[in-house]
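In what follows, chains are A, B, ... by sequence order, proteins preceding strands, each numbered from 1. Remember, it's a predicted structure, so these values are computed and weren't measured experimentally.
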Protein chains: 2
Amino acid sequence: MVKETQNLIKGLPHKTIERLSQYRRALLICLEKGKEYIFSHEIAEIQHITSVQVRRDLMLIGYSGTLRKGYNIKELINLIGNIIDSPGGINVAIIGMGNLGRAVSKYLTHKRQKLTIVAGFDINSKKIGNEILGIPCYAPDEMKQIVEEKKIGIAIITVPATKIPETTKRLINAGIRGVLNFTPTPVVVPDNIFLEEYDMITSLEKVAFFVKQAMIEEEENRM
Amino acid sequence: MVKETQNLIKGLPHKTIERLSQYRRALLICLEKGKEYIFSHEIAEIQHITSVQVRRDLMLIGYSGTLRKGYNIKELINLIGNIIDSPGGINVAIIGMGNLGRAVSKYLTHKRQKLTIVAGFDINSKKIGNEILGIPCYAPDEMKQIVEEKKIGIAIITVPATKIPETTKRLINAGIRGVLNFTPTPVVVPDNIFLEEYDMITSLEKVAFFVKQAMIEEEENRM
DNA sequence: TACCATCTGTTAAAATATTAACAGGGCAAA
DNA sequence: TTTGCCCTGTTAATATTTTAACAGATGGTA
């Protein structure tokens, strides 16, 4: 990629990055259906956002569509790939092969060419040394070695809360570059490691809050 | 709750709601440890945010701490509960008891007193009529009846992409109030139903992007 | 050819969200 | 008791994100 493009990408807002990932997801489905071009308002509708936002995001990454035809789906997929994906791909490990870990593994396996789950870690001795869902499973104290050997860049944490401090220490020590934490316990990493945290309880409680509010408003209107 | 408080809550920013949920989560852990009071900077550190933001959020919900002692943990937990929780609780259904559905069920069961998973739905006849992880499982065409009977307010969607349109139609028909969609396929609901969508691929790709950027920057600095 | 409808691309404005700055107050140590 | 430190609460400033507004361009149509 030319340097100019790299400079564009550098300042991309976080929100735009997230949406680009979502656009690609939608575009891949469209491509499969045999669609060749797509309008900004079509993408917008799928994502529950406005077409202006779509056009603006695409402007930010320097992509131009064809007037009255829209955007070339294949081209756009490739461009988003150039932005998000690393050319050689990034290997991923799942830390904790419990229920959540396995669900995540199954969900993510073969979804993206440039992101490969290459290892799982667990303390359960029945799992260590075996494959789970096609993913070889290792003991926590092998982490540094395996991360280096398999060139693992990203770890997805799905262990119980009590194991978080130990797990984090091991990951930092192993030289991981990015962490996605699905645990309700916030993780502490040095700031050269990119950290993303997600807790489904927060999402659920957010829904609960707005459902409650809607009910209160209905109540008020009835009076 | 007095009307004044309700007016405060009404205009609460989405982000504040999310953080309140996270504060409570952290506070519950502190309470368990026997801690009585907590400073804004302590909460901030746990959540990787600034203490100003914590104080600002608490200001927005009208809570005052004690100078030099901080916030009373028990009080704050109760207040956040008053805001987020519905007094009688809200019942939740999991739509799709596959891997992800079961992981979500296990993860959420007994986590919050006011959110109870009371039903699962699946097309698999082996699951229908049985309990999975203690959750009774029903056929999709029983949805309307069960939602009404069990007073289910929120549905968590974890079905395969192909089943999304049908599932959504059933949920709308059943009179659901809020939807949390863990599927990569965006769903369409009328806007009297609150919708929250989360796709872990987006999170993972976000991490991948920033890891890539960090590596490019290192490369540049080396030259 | 002239007009109209409908796209894109971009700048400007508005709305949200975060951070800075600081006043006010209480406790502790000198 | 006075000084200094370290809290909270709040307003003001900044940064980020979204939305509005509109210029420009293309193709269909009368």
Side-chain angles (χ1 to χ4, degrees), chain A residues 4-5 8-23 27 30 35-73 75-76 79-80 191 197 202 206 209-210, chain B residues 4-5 8-23 27 30 35-73 75-76 79-80 191 196-197 202 206 209-210 213:
Chain A
E4 199 188 324
T5 311
L8 271 182
I9 294 170
K10 217 162 144 185
L12 240 40
H14 281 220
K15 286 286 175 76
T16 294
I17 298 294
E18 289 174 17
R19 281 191 299 263
L20 287 175
S21 162
Q22 288 161 3
Y23 297 163
L27 291 170
C30 292
K35 210 168 154 72
E36 246 195 288
Y37 285 86
I38 194 166
F39 295 127
S40 61
H41 66 258
E42 291 178 293
I43 300 179
E45 198 177 3
I46 299 172
Q47 308 295 346
H48 312 306
I49 57 177
T50 66
S51 64
V52 195
Q53 189 147 66
V54 175
R55 292 204 301 279
R56 209 176 192 297
D57 285 334
L58 299 190
M59 187 193 87
L60 289 177
I61 63 174
Y63 184 66
S64 283
T66 309
L67 204 48
R68 301 203 46 97
K69 256 174 122 180
Y71 303 93
N72 181 297
I73 292 178
E75 270 179 30
L76 188 46
L79 179 55
I80 294 175
D191 61 359
E197 307 202 298
T202 296
K206 190 177 169 188
F209 171 81
F210 284 103
Chain B
E4 198 186 326
T5 311
L8 270 183
I9 292 171
K10 218 162 143 187
L12 239 40
H14 282 220
K15 287 287 176 75
T16 294
I17 297 295
E18 288 174 18
R19 281 192 299 264
L20 287 175
S21 162
Q22 288 160 4
Y23 297 163
L27 291 170
C30 292
K35 211 170 152 71
E36 244 195 291
Y37 285 86
I38 193 167
F39 295 128
S40 62
H41 66 257
E42 291 178 293
I43 300 178
E45 198 176 6
I46 298 172
Q47 308 294 347
H48 313 308
I49 57 177
T50 66
S51 64
V52 193
Q53 189 145 68
V54 175
R55 292 203 302 276
R56 209 175 193 295
D57 285 333
L58 298 190
M59 187 191 88
L60 289 176
I61 63 173
Y63 184 65
S64 284
T66 310
L67 204 47
R68 299 206 44 101
K69 255 174 123 183
Y71 302 94
N72 181 298
I73 293 179
E75 270 179 31
L76 189 45
L79 178 55
I80 294 175
D191 63 358
E196 176 82 4
E197 307 202 297
T202 295
K206 189 176 171 190
F209 171 80
F210 284 102
Q213 285 308 106

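Rounded to whole angstrom, the span from the CG atom of A/Asp57 across to the C1' atom of C/dT10 amounts to 14 Å. The distance from atom NE2 of B/His14 to atom C1' of D/dT17 is 14 Å, rounded to the nearest whole Å. The interatomic distance linking B/Leu12 (CG) with C/dT16 (P) rounds to 13 Å, in whole Å. C/dT10 atom P lies 11 Å from atom CG of A/Leu8, rounded to whole Å. The CE atom of A/Met59 sits 7 Å away from the P atom of C/dT11 (whole-angstrom rounding). Computed from coordinates, the A/His41 NE2 to C/dG9 P distance equals 14 Å when rounded to whole Å. For the pair A/Arg55 CZ and C/dT6 P, the computed distance is 14 Å after rounding to whole Å. D/dT11 atom P lies 17 Å from atom CD of B/Gln53, rounded to whole Å.
Residue contacts shown for A/Ser64 are limited to sugar-phosphate atoms, with no base heavy atom under 4.0 Å away. Note on B/Ser40: only backbone sugar-phosphate atoms sit closer than 4.0 angstrom, heavy atoms only; bases stay farther off.
Side-chain contact check for A/Thr66 versus A/Asn72: every heavy-atom pair is 4.5 Å or farther apart. Here the side chains of B/Ile80 and B/Tyr63 are not in contact, with every heavy-atom distance at 4.5 Å or above.
The side chain of A/Arg19 contributes an N or O atom lying less than 4.0 Å from OP1 or OP2 of D/dT18. Here A/Arg56 does not reach the OP1 or OP2 of D/dA21: none of its side-chain N or O atoms lies under 4.0 Å away. OP1 and OP2 of D/dT8 both lie 4.0 Å or more from every side-chain N or O belonging to B/Tyr37. Between A/Thr50 and D/dT18 there is no side-chain N or O to OP1 or OP2 distance below 4.0 Å.
Across the interface with DNA chain C, nearest-nucleotide mapping of A/Gly70 and B/Thr16 shows A/Gly70 to be the residue nearer the 5′ end. Where B/Tyr71 and B/Arg68 each meet DNA chain D at their nearest nucleotide, the meeting point lying more 5' is that of B/Arg68. With DNA chain D read from its 5' end, the first of the two nearest nucleotides for B/Leu67 and A/Lys15 is the one closest to B/Leu67.
B/Ile49 contributes atom CD1, which lies 9.5 Å from atom OG of B/Ser40 (distance to the nearest 0.5 angstrom).
Annotation for B/Gln213 and A/Lys10: closest pair NE2-CA, 4.0 Å, computed over non-hydrogen atoms.
Enclosure of atom CD in A/Gln47 by more than 12 non-hydrogen atoms of other residues, nucleotides or ligands within 6.0 angstrom is indicated.
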